Amino acid sequence: MSVYCMSDIHGHLEEYLQMLKRIRFCDADTLYVLGDVLDRGADGIRVLQDMMYRPNVIPLIGNHEYMALHCLRDLSLEVTEESLAGWDAERMRALMDWQSVGGDATIRAFRALSPDEREDVLSYLEEFSLYETLQVSGRKFILVHAGLSGFAPDRPLDTYTPYETLFDPPDYERVYFPDIFLVTGHLPVFAIPGEHPGDRVLIRNNHICLDLGMGFGGTLGAVRLDDLETFSLT
Ligand SMILES: [Mn+2]
């Protein structure tokens with residue numbers, strides 16, 4: 001009956017399954033996945049298809065799913081290169097922005113799906129939430145993919161936009177809430193300044209940063225919120 005978080009799986013099915021084994025994930029546990037399941041690695045869609053059949057896996061949206069959602073619905077209807085000629089500049093820019101951060105791997109996998117499978121994937125992605133708040137073993141947590149841009153201590157969480165929560169990392173030197181851990185992915189731990197191992201989940205200043213750079217040749221991390229035990233595949 002434990003609660004786990006993982007983030008930035010980035011198309012790495014083997015490592016995702018390996019981490020589920022490592023934490024001995026069972027039906028009584030809950031796993032929150034904090035976005036960026038897709039892109040970079042080849043198997044993001046397969047990870048999604050595993051997650052969607054597990055009622056105890058709760059997905060949050062990352063910037064990669066956000067970008068994918070802006071393009072996949074169109075790609076689902078129009079899969080030919082010719083049909084792209086009918087796209088307006090804004091849609092083309094959204095597609096190119098997504099491709100520039102590794103979207104091609106997902107586009108290839110999505111095009112290989114049957115129409116029913118595509119619809120299942122799209123409906124699943126549309127359910128992803130922007131943030132979650134939790135209390136586990138007396139500790140409070142806010143889960144969000146990247147951070148809380150435009151932060152004010154009294155600002156209600158439901159007023160943050162996708163641009164404020166999915167793209168900009170927080171200031172890991174700053175304590176945002178004295179009594180709440182802010183749990184994020186998005187920025188690999190090795191890119192955060194300071195003395196800490198790049199292949200370990202970082203807990204500092206009421207932040208928990210889960211991204212160990214799986215999308216950049218790094219590894220996958222996880223945390224158990226019940227006791228703040230951290231896990232890494234290295
Ligand atoms: Mn991200």
Side-chain angles (χ1 to χ4, degrees), residues 4-13 15-16 19 31-48 51 57-72 93-107 109-110 121 124-132 141-151 157 160-172 176 181-193 198-204 207-223 232-233:
Y4 296 91
C5 298
M6 197 188 287
S7 189
D8 294 80
I9 297 162
H10 274 308
H12 289 264
L13 178 67
E15 286 83 353
Y16 158 76
M19 183 57 90
L31 169 67
Y32 290 84
V33 175
L34 275 69
D36 285 6
V37 172
L38 297 176
D39 300 347
R40 306 203 194 279
D43 293 325
I45 300 267
R46 290 174 67 193
V47 179
L48 281 185
M51 290 165 55
V57 172
I58 300 172
L60 278 71
I61 193 165
N63 56 303
H64 284 263
E65 285 77 36
Y66 187 75
M67 288 186 278
L69 268 175
H70 277 79
C71 302
L72 281 182
R93 196 173 313 115
L95 179 62
M96 287 190 294
D97 284 350
W98 182 33
Q99 287 179 302
S100 75
V101 293
D104 277 332
T106 302
I107 293 169
F110 187 76
V121 165
Y124 185 56
L125 282 172
E126 280 162 0
E127 287 169 19
F128 283 28
S129 55
L130 207 51
Y131 65 89
E132 296 281 346
F141 302 90
I142 294 171
L143 281 46
V144 65
H145 176 65
L148 295 173
S149 268
F151 174 76
L157 282 177
Y160 288 88
T161 66
Y163 281 98
E164 290 176 308
T165 54
L166 302 181
F167 292 89
D168 295 328
D171 178 356
Y172 287 98
Y176 283 65
F181 286 90
L182 186 59
V183 188
T184 51
H186 188 60
L187 182 68
V189 163
F190 59 67
I192 299 172
D199 60 353
R200 291 287 178 272
V201 170
L202 176 65
I203 303 183
R204 181 211 279 171
H207 289 278
I208 300 177
C209 181
L210 295 167
D211 184 0
L212 301 185
M214 191 74 255
F216 300 98
T219 188
L220 194 61
V223 65
S232 163
L233 293 182

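The shown structure was predicted, so the numbers you read here are calculated from the model rather than taken from an experiment. Note that ligands are numbered from 1 as they come in the structure, with each ligand's atoms numbered from 1 the same way.
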Student check: side-chain heavy atoms of His145 and Asp8 closer than 4.5 Å: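 Of all side-chain heavy-atom pairs linking Asp8 with His145, at least one is under 4.5 Å.
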Qualifying residues under salt bridge (charged side-chain N to carboxylate O under 4.0 Å, His left out), relative to Asp43, sequence neighbours excluded: Arg46
Partner residues of Arg204 under the salt bridge (charged side-chain N to carboxylate O under 4.0 Å, His left out) criterion, sequence neighbours left out: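 Once residues adjacent in sequence are excluded, the partners of Arg204 under the salt bridge (charged side-chain N to carboxylate O under 4.0 Å, His left out) criterion are Glu173.
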Protein-derived N, O or S atoms lying under 2.8 Å from the Mn ion (ligand 1), waters excluded: 4
Closest non-hydrogen atom pair, His64 against Asp36: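 Shortest heavy-atom contact: N-OD1, 3.0 Å.
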Contact summary for Val101 and Arg40, nearest pair of heavy atoms: O-NH1, 3.5 Å
Those residues that, when tested against Tyr163, pass side-chain contact (heavy atoms from CB on, under 4.5 Å) (two or more places apart): Tyr66, Thr161, Phe167
